[in-house]
K.L.:
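Sharing a structure, written as structure tokens. Questions coming.
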Amino acid sequence: MEIKVSGRKTTVTDALRARVEEKIGEACTVFDIEPMTCDVVLRYEKNPSNPNPAIVEVTVRARGSVVRVAEHGTDMYSAIDTAADKVTRQLRKFKTRVIDNRQQGASAAEVAPVERVEDLADLIIPPEEDEQLVREKVIEITPMTEEQALVQTDLLGHDFYVFENATTGLINVVYHRKNGGYGIIKPKIEELDG
């Protein structure tokens with residue numbers, strides 16, 4: 001498996017690279033399939049009041065699916081260890097759900113690929129720009145079942161996921177409810193009187 005390690009405004013030492021390859025590589029063996037790639041970005045947040053300035057962002061791509069993890073730590077080594085543990089859990093969850101879907105007749109290849117976000121900070125809207133349209137994102141919509149959309153929501157760690165319902169052919173949105181569980185938003189189909 002290919003692990004690409006990069007630093008954002010920080011130098012990636014040989015020791016850090018070795019730690020990433022050891023820990024993240026070990027975590028990825030949970031779901032040993034080919035092709036699988038892994039991008040790891042190491043960076044420090046420059047906020048003196050933040051007790052955990054080291055940030056490790058891991059993006060694993062396997063058979064068209066994406067698992068994304070971002071973890072903070074007091075130093076880069078602890079952040080790498082925490083991220084590796086979370087990657088292991090996410091890949092185990094994905095493996096379990098893919099096996100369940102296969103037993104129900106769906107394949108892992110039907111899960112939609114997701115566009116890579118270069119920096120997680122791009123997803124947060126600053127308060128002064130809260131009412132402005134500051135970013136437009138174009139996504140590729142692939143037909144999938146509601147269960148596959150829930151898997152993608154969990155794997156990406158997002159609050160919602162937009163997809164084309166494979167049964168109806170309409171655009172749906174699954175989302176995490178604040179009080180637990182999931183919800184789904186479906187368009188109302190109007191019938192024409194003829």
Side-chain angles (χ1 to χ4, degrees), residues 1-4 6 8 28 30-41 57-71 83 86-87 89-126 129-192 194:
M1 179 191 64
E2 175 190 349
I3 300 178
K4 180 183 167 191
S6 60
R8 188 165 295 130
C28 290
V30 168
F31 197 59
D32 192 24
I33 61 168
E34 293 295 330
M36 181 189 288
T37 62
C38 181
D39 294 328
V40 180
V41 177
E57 299 170 356
V58 181
T59 305
V60 179
R61 289 178 185 77
R63 292 187 183 168
S65 295
V66 178
V67 174
R68 199 170 284 127
V69 170
E71 286 298 319
K86 192 166 184 182
V87 166
R89 287 192 307 274
Q90 290 290 78
L91 286 175
R92 280 192 181 130
K93 184 187 296 185
F94 178 62
K95 185 176 182 179
T96 302
R97 290 190 175 180
V98 167
I99 290 170
D100 289 347
N101 283 342
R102 281 193 183 151
Q103 290 172 351
Q104 295 172 3
S107 73
E110 294 173 2
V111 178
V114 177
E115 177 186 327
R116 178 180 181 185
V117 176
E118 292 298 323
D119 188 0
L120 294 178
D122 289 347
L123 299 175
I124 301 171
I125 298 173
E129 298 177 359
D130 197 24
E131 295 182 12
Q132 298 176 12
L133 178 63
V134 293
R135 184 170 183 193
E136 180 178 312
K137 186 171 183 175
V138 178
I139 59 172
E140 183 177 322
I141 306 245
T142 304
M144 65 177 58
T145 65
E146 293 172 4
E147 292 78 21
Q148 289 170 323
L150 288 173
V151 169
Q152 281 298 301
T153 305
D154 284 344
L155 293 178
L156 294 172
H158 289 175
D159 293 332
F160 68 94
Y161 189 76
V162 179
F163 68 102
E164 179 184 337
N165 190 315
T167 306
T168 64
L170 298 172
I171 301 299
N172 292 178
V173 178
V174 293
Y175 62 94
H176 288 275
R177 294 175 48 88
K178 289 183 182 179
N179 59 351
Y182 294 93
I184 187 163
I185 300 172
K186 298 179 178 183
K188 180 179 179 183
I189 301 173
E190 295 184 23
E191 294 182 21
L192 298 175

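Counting begins at 1 with the first residue of the sequence.
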K.L.:
Which distance, rounded to the nearest 0.5 Å, do you find between the SG of Cys38 and the NZ of Lys4?
P.N.:
11.5 Å

K.L.:
Please tell me if the side chains of Glu57 and Thr59 come closer than 4.5 Å, counting only heavy atoms from C-beta onward.
P.N.:
no

K.L.:
Can you tell me how far the CG atom of Asn172 sits from the CD atom of Glu146, to the nearest 0.5 Å?
P.N.:
6.5 Å

K.L.:
Could you tell me the separation between the CD atom of Glu147 and the OH atom of Tyr182, rounded to the nearest 0.5 Å?
P.N.:
12.0 Å

K.L.:
Go through His176 and Phe160 one step at a time and tell me if the ring-ring contact (aromatic ring centres under 6.0 Å, His included) criterion holds.
P.N.:
CA-CA 6 Å; His176 288 275; Phe160 68 94; over 10 Å; no

K.L.:
If you define the side chain from C-beta out and look only at heavy atoms, does anything of Pro187 sit under 4.5 Å from Ile171?
P.N.:
no

K.L.:
Pick from Ile185, Ile184, Val162: which one makes a side-chain contact (heavy atoms from CB on, under 4.5 Å) with Val174?
P.N.:
Ile184

K.L.:
If every non-hydrogen atom of Ala83 is compared with every non-hydrogen atom of Val58, which pair is closest and at what distance?
P.N.:
CB-CG2, 4.1 Å

K.L.:
How far does CG of Leu150 sit from CE of Met144, to the nearest 0.5 angstrom?
P.N.:
10.5 Å

K.L.:
If you round to the nearest 0.5 Å, how far is CG of Asp39 from CZ of Arg68?
P.N.:
10.0 Å

